[in-house]
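This report concerns only the one structure given below.
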Number of protein chains: 2
Amino acid sequence: MLETFVRIAERGTISAAARDLGLSQASASRQLSDLEQRLGVDLITRTTHALSLTKAGETCLTEARLLLADWDGFAEQFADEAESLSGPLKIVAPIALGQTIALDCAVAFQNAHPGIVLDWILEDRPIRFSETGCDLWIRIGDVPDDTLIVQPLSTVERLIVAAPGLLPEDAQAEPERLVDQPCLALSPFEGGRIPLSAQDGTVRDVAAKVSFSSNDIFAVKRAALSGAGYAVLPRWLIAQELEEGSLIDLLPDWRAPSLTINAAYAPSRRQTRRLRLFLKAMSDALKG
Amino acid sequence: MLETFVRIAERGTISAAARDLGLSQASASRQLSDLEQRLGVDLITRTTHALSLTKAGETCLTEARLLLADWDGFAEQFADEAESLSGPLKIVAPIALGQTIALDCAVAFQNAHPGIVLDWILEDRPIRFSETGCDLWIRIGDVPDDTLIVQPLSTVERLIVAAPGLLPEDAQAEPERLVDQPCLALSPFEGGRIPLSAQDGTVRDVAAKVSFSSNDIFAVKRAALSGAGYAVLPRWLIAQELEEGSLIDLLPDWRAPSLTINAAYAPSRRQTRRLRLFLKAMSDALKG
DNA sequence: TTACAGATATACGTTTAACGTATGAGCAGA
DNA sequence: TCTGCTCATACGTTAAACGTATATCTGTAA
């Protein structure tokens, strides 16, 4: 009943929700009516071709999701630990991360637990998490939603790199060597300055001469590989290139501020075991 | 289903729970079996004449109560504000408080909302709240259960009083005048000293010569009224006697440490409206 | 020891609630 | 206008839940 309502709200149509749940359209429609009557409020205003949540429907949706998650967690806590995991797991991740190491981890998790059905959504922009029906939101940097529980998974080391030849390799290199070089920036890049810090805590600001910027980090990486300039890139993205030597660490003693990879989820009283274990797996993978 | 399980656990027999819920004994028994099968765990070990919760049953009970409370709160939040309150409200209160002003407040609340069914339990000793099935626990002083949400309702001013004649009334009286007088103590009374503080913050410890002690505050009050000595009593207990003059404030400038009246309840995501309003009424009554 | 009162679990027929199919009406896009 | 999709309602069917009846067990009192 609650599940049907949530599904209807997510899919935007009663018919689609009914198909999802293996119900007839008539049943889904009736369940929604019943719920509305039981609560004494209209939840969804229906025209024949478009549904929209009422004000009460909005709050009902978020509350219902929490309630369902609580119930899932409740039922699951008694399940035998040895029992295999199963069930849906819908996750939003940053695009670049979700195409590479996070994806590897997720796929490995799915292989280890064949009963799990992963829905892997890539999206860099902030989302209204509660409206997405997702179980987990992986995000680099702050999570702009204080209704969620945020758990840091790992930190991202960011290096100044370029293709060999742009500058000679130099273990003692100082930040000032960057000022005349073209910078390949990941937009939005604000302020035009790159704050760098050394291992001993010294801090230095370097002006960046941006010659290329993109909102796609793979494009920035490719530009760097082609020798177009230097870029600030996370280690996980360029680990292989560093090893191969196709990119080199221009300032081995200096690092751009590290970012935090956070995991955010709805504050249900007891999270499902599959989410708990997925979080653990992801945390281990990102730290290792 | 969950409700049936909780009721069975509370009543200790399936038959009684079935009667409470208006079900046949067979249905209640089957619902319990179904729940156990669904969770895959034995919740209650049954012999023909006695039930006892298993380990899993214990945790299931507390979780189920929270889940049910959440559901109640969920369903209720859409109810029309104008609708009258109804439903059960089971409350544990300290004996003396629950026989006097708190009782007055509770009865007034019940009169204002005839649909409410109050179950008013008086108990001074710490309880295992989650095992009682209560909605609210009113307690003077600390609440020894950190799984609960604690909300201070009011503070209790405590005066040094005695019947007239024990000592002459004296607006400038100093604590030292007590040392030779018999003290009527509420047990447990530990340390043998009464810490007093003046309005200006001055603190003074007075040794108490205990000649009488009781675990019943009404007995202490009565002993004081009979002139047996002085006592430390809360203002709400003796407001009328002070007005009549049958007890007098021996140290008008000094007070024993005040206590806090706390309200504690289970951390459900959304408390029921009746509990919320009762708390407000009780808070107003105790502060006024 | 025996009888009884009160407890639980199961079997079986019945009632009730939920479901699916079918149908009519409404709206969008071709 | 026509087609394809939507939602709501009516109706017959299916499945779940319920109650009655029954067998069994146990603690208590005769």
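Keep in mind the model is a prediction, meaning the values are calculated, not measured. The figures that follow rest on heavy atoms only: side chains count, while hydrogens, waters and symmetry mates do not. So you know, we letter chains A, B, ... as the sequences are listed, proteins then strands, and number each from 1.
Note: CZ (A/Arg38) to P (C/dA17) measures 12 Å, nearest angstrom. In this structure, the CZ atom of B/Arg30 is 11 Å from the P atom of C/dT10, given to the nearest Å. Per the geometry, CG belonging to B/Leu23 stands 15 Å off C1' belonging to C/dT15, to the nearest Å. Nucleotide D/dC7 holds its P atom 13 Å from the CD atom of A/Glu36, rounded to whole Å. In this structure, the CG atom of A/Leu32 is 11 Å from the C1' atom of D/dC7, given to the nearest Å. Rounded to an integer number of Å, the gap from CD of B/Gln25 to P of D/dA21 is 14 Å. What separates CD of A/Gln31 from C1' of C/dA17 is a distance of 12 Å, to the nearest Å. Atom CD1 in B/Ile8 sits roughly 8 Å away from atom P in C/dT8 (whole-Å rounding).
B/Thr47 has no side-chain polar atom (N or O) that falls below the 4.0 Å cut-off from OP1 or OP2 of D/dT26. One finds no side-chain N or O of B/Arg19 lying less than 4.0 angstrom from the OP1 or OP2 phosphate oxygen of C/dG6. Look at B/Ser27 and you won't find any side-chain N or O under 4.0 angstrom from OP1 or OP2 of D/dA17. Taking 4.0 angstrom as the limit, A/Arg46 places a side-chain polar atom (N or O) nearer than this to OP1 or OP2 of D/dA8. OP1 and OP2 of C/dG6 both lie 4.0 Å or more from every side-chain N or O belonging to B/Ser15.
Between B/Lys280 and B/Asp284 there is a salt bridge, since a side-chain N of the basic residue sits under 4.0 Å from a carboxylate O of the acidic one. A salt bridge links B/Glu36 with B/Arg46; the closest basic N to acidic carboxylate O contact falls under 4.0 Å. Under the 4.0 Å criterion applied to side-chain N and carboxylate O atoms, A/Glu76 and A/Arg270 are not assigned as salt-bridge partners.
Looking at heavy-atom distances under 4.0 Å, B/Gly12 makes no contact with the nucleic acid at all. The residue B/Thr13 sits close only to the backbone: its heavy atoms come under 4.0 Å of sugar-phosphate atoms, none of a base.
Judged by distance alone, the side chains of A/Thr45 and A/Ser52 do bring a donor and an acceptor atom under 3.5 Å apart.
The side chain of A/Ser24 has C/dG20 as its nearest neighbour among C/dT8, D/dG19, C/dG20.
Ring-plane geometry between A/Phe78 and A/Phe74 is classed as perpendicular, the angle between the planes exceeding 60 degrees on a 0 to 90 degree scale with a lower cut at 30.
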